[in-house]
Amino acid sequence: MRVMARRVVRCGAGLILGTAAAAVELLFALLAGVALLPVAAWPKGRRAVLRPVLAGARILAELERGRLRMWLDLRVTPAYEDVRALRYVACHWALGVLGGVVMLTAAIGLAYGTFGVYGWLLLDGIRNPGSLVLGSLGGFFLVFLTVQGIFGVVGLEGQLARHFLGPRHQEELERRIAELSASRAAVVDAVNDERRRIERDLHDGVQQRLVALGMLLGRARRSQDADRRDRLLGQAHDESRRALDELREVAWRIYPTTLDEAGLRAALETVAERASVPVGVEYALAEEPEQAVATVAYFVVCEAVTNAVKHAAPTRISVAVRAEEKRMYVSVRDDGCGGANAAGSGLFGLARRVAALDGSLSVDSPPGGPTLVAAELPCG
């Protein structure tokens with residue numbers, strides 16, 4: 001309720017500012033029309049007059065972009081033509097007037113709704129309390145309707161801004177194609193990086209263990225001393241156990257079976273249990289995300305926790321997973337020494353994994369800490 005009230009107040013203030021801007025835009029549109037009308041049939045003169053007009057429209061459109069972003073939480077790209085800015089200014093003043101009418105109606109409804117509180121001070125007694133109560137109820141109902149009107153005007157503001165100031169359909173398609181091409185390349189690179197990492201883990205870990213195991217068994221076969229042979233076989237047994245542990249660790253890093261068997265929450269709790277420092281997990285998802293999203297979220301947490309333990313010497317790590325408006329947010333915060341390099345192989349590979357799902361990864365790690373690794377993933 002408090003969040004909704006705060007949003008209504010912000011949007012109402014934004015519409016009031018939009019009404020003030022509408023007066024300026026209407027005056028600008030009239031002056032621009034008066035200036036352009038005499039030179040409409042003269043190309044050279046039209047260009048001379050149009051230049052300052054377009055510059056003024058660009059200034060007004062930029063002010064509108066700031067208002068939409070700050071008060072109405074509407075974001076519009078700055079990559080638009082000056083002619084489109086002029087069209088936006090020429091059309092927006094009418095919507096600004098509509099917002100002013102809605103806010104004036106809200107003020108009238110609020111005045112009628114609260115009249116019962118201060119009416120007895122202004123009138124010499126209350127002769128008809130029933131009419132006063134009905135008037136207050138009608139005022140509050142009018143306030144309710146104007147709140148809906150505020151959100152409706154905000155929606156129209158967004159549609160108008162996106163129509164005139166947003167990218168054209170062709171530009172949007174080209175941008176989307178470029179994003180998909182980059183995502184496809186990122187997927188290929190991520191797969192190749194993963195294959196190289198698996199090969200490195202097998203070569204530096206499991207393979208070395210197996211070589212040592214083979215050497216111990218060979219020495220045991222050649223030994224003529226029974227006691228020495230028993231010691232060598234015992235060492236070989238220990239080495240085989242360590243090789244098996246290494247193999248399980250590599251398999252876990254490739255893909256955790258817990259993620260399929262028990263879900264993302266259990267997999268993250270397993271990461272916390274395996275870490276050598278305390279890791280707190282705050283899981284706020286109402287339902288299990290899609291398999292691809294859960295896998296990427298798991299690897300973000302696993303890699304971030306591993307990097308923190310290995311390089312930052314933290315005393316505690318906090319993991320938070322939540323969802324909001326079809327987006328999943330994953331954050332890993334540690335109180336270590338900071339200085340993490342976002343361009344390093346591990347975090348860079350994570351960024352490509354996340355980008356392959358149309359997500360984004362950010363790393364905030366000033367020297368001295370703390371470090372925050374945050375990922376935003378689509379989960380709708």
To the nearest 0.5 Å, tell me how far [X] [atom1] sits from [Y] [atom2].
X	Y	atom1	atom2	result
S360	L377	OG	CG	8.0 Å
F299	E303	CZ	CD	9.5 Å
E282	S331	CD	OG	8.0 Å
L15	E157	CG	CD	6.5 Å
C302	R274	SG	CZ	8.0 Å
R162	R75	CZ	CZ	12.5 Å

(request) Test F164 against C91 for side-chain contact (heavy atoms from CB on, under 4.5 Å), laying out the working first. (result) CA-CA 10 Å; F164 285 106; C91 294; 3.8 Å; yes

How close do [X] and [Y] get, counting heavy atoms only, and between which atoms?
X	Y	result
V330	A297	CG2-CB, 4.0 Å
V354	A375	CG2-CB, 4.4 Å
G14	W71	CA-CB, 3.6 Å
Y88	A161	CE1-CA, 3.8 Å
A312	D334	CB-OD1, 4.0 Å
R69	R10	O-NH2, 4.4 Å

(request) Give the other cluster members for L37, using side-chain heavy-atom distances under 4.5 Å between Ile, Leu, Val, Met, Phe, Trp and Tyr residues; answer none if it is isolated. (result)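 Via sub-4.5 Å side-chain contacts, L37 links to none.
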
(request) Walk me through it: do L285 and V321 pass the test side-chain contact (heavy atoms from CB on, under 4.5 Å)? (result) CA-CA 7 Å; L285 297 184; V321 181; 3.8 Å; yes

For the backbone of [Y] and the side chain of [X], can you confirm whether one donor and one acceptor N or O come within less than 3.5 Å of each other?
X	Y	result
E288	L264	yes
S365	T371	no
R333	A374	no

Salt-bridge present ([X], [Y]; N to O < 4.0 Å):
X	Y	answer
E64	R67	yes
R65	E62	yes
R316	D335	no

Any side-chain heavy-atom pair from [X] and [Y] closer than 4.5 angstrom?
X	Y	answer
P378	R327	yes
V24	L27	no
D82	L86	no
V373	L361	yes

Say whether [X] and [Y] are linked into one hydrophobic cluster, either directly or through other cluster members, by side-chain heavy-atom distances under 4.5 angstrom.
X	Y	answer
V83	F28	yes
L54	L26	no
L74	W93	no
V153	F151	yes
V305	V277	yes

(request) Would you check, one step at a time, whether the test side-chain contact (heavy atoms from CB on, under 4.5 Å) holds for V271 with V279? (result) CA-CA 8 Å; V271 172; V279 177; over 6 Å; no

(message) For R7, is the CZ atom crowded, meaning more than 12 foreign heavy atoms sit under 6.0 Å from it?
(response)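 Atom CZ in R7 is not crowded, with 12 or fewer foreign heavy atoms closer than 6.0 Å.
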
(message) Please check if the number of heavy atoms outside R87 that lie under 6.0 Å from its CZ is greater than 12.
(response)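 For R87, atom CZ is not crowded (no more than 12 foreign heavy atoms under 6.0 Å).
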
(request) Flag this pair as yes if the NZ/CZ of R322 is under 6.0 angstrom from the six-membered ring centre of Y283 and inside a 45 degree cone about the axis; otherwise no. (result)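 No; the conditions do not both hold, so R322 does not lie above the ring face of Y283.
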
Pairs under 3.5 angstrom only: tabulate donor-acceptor contacts from the side chains of residues 138-148 to other protein residues two or more places apart or in another chain.
from: T146; atom 1: OG1; to: L142; atom 2: O; distance (Å): 3.1
from: T146; atom 1: OG1; to: V143; atom 2: O; distance (Å): 2.7

(request) With side-chain contact (heavy atoms from CB on, under 4.5 Å) as the test, would you mind laying out the steps for L165 and L160 before giving the verdict? (result) CA-CA 8 Å; L165 305 181; L160 187 70; over 6 Å; no

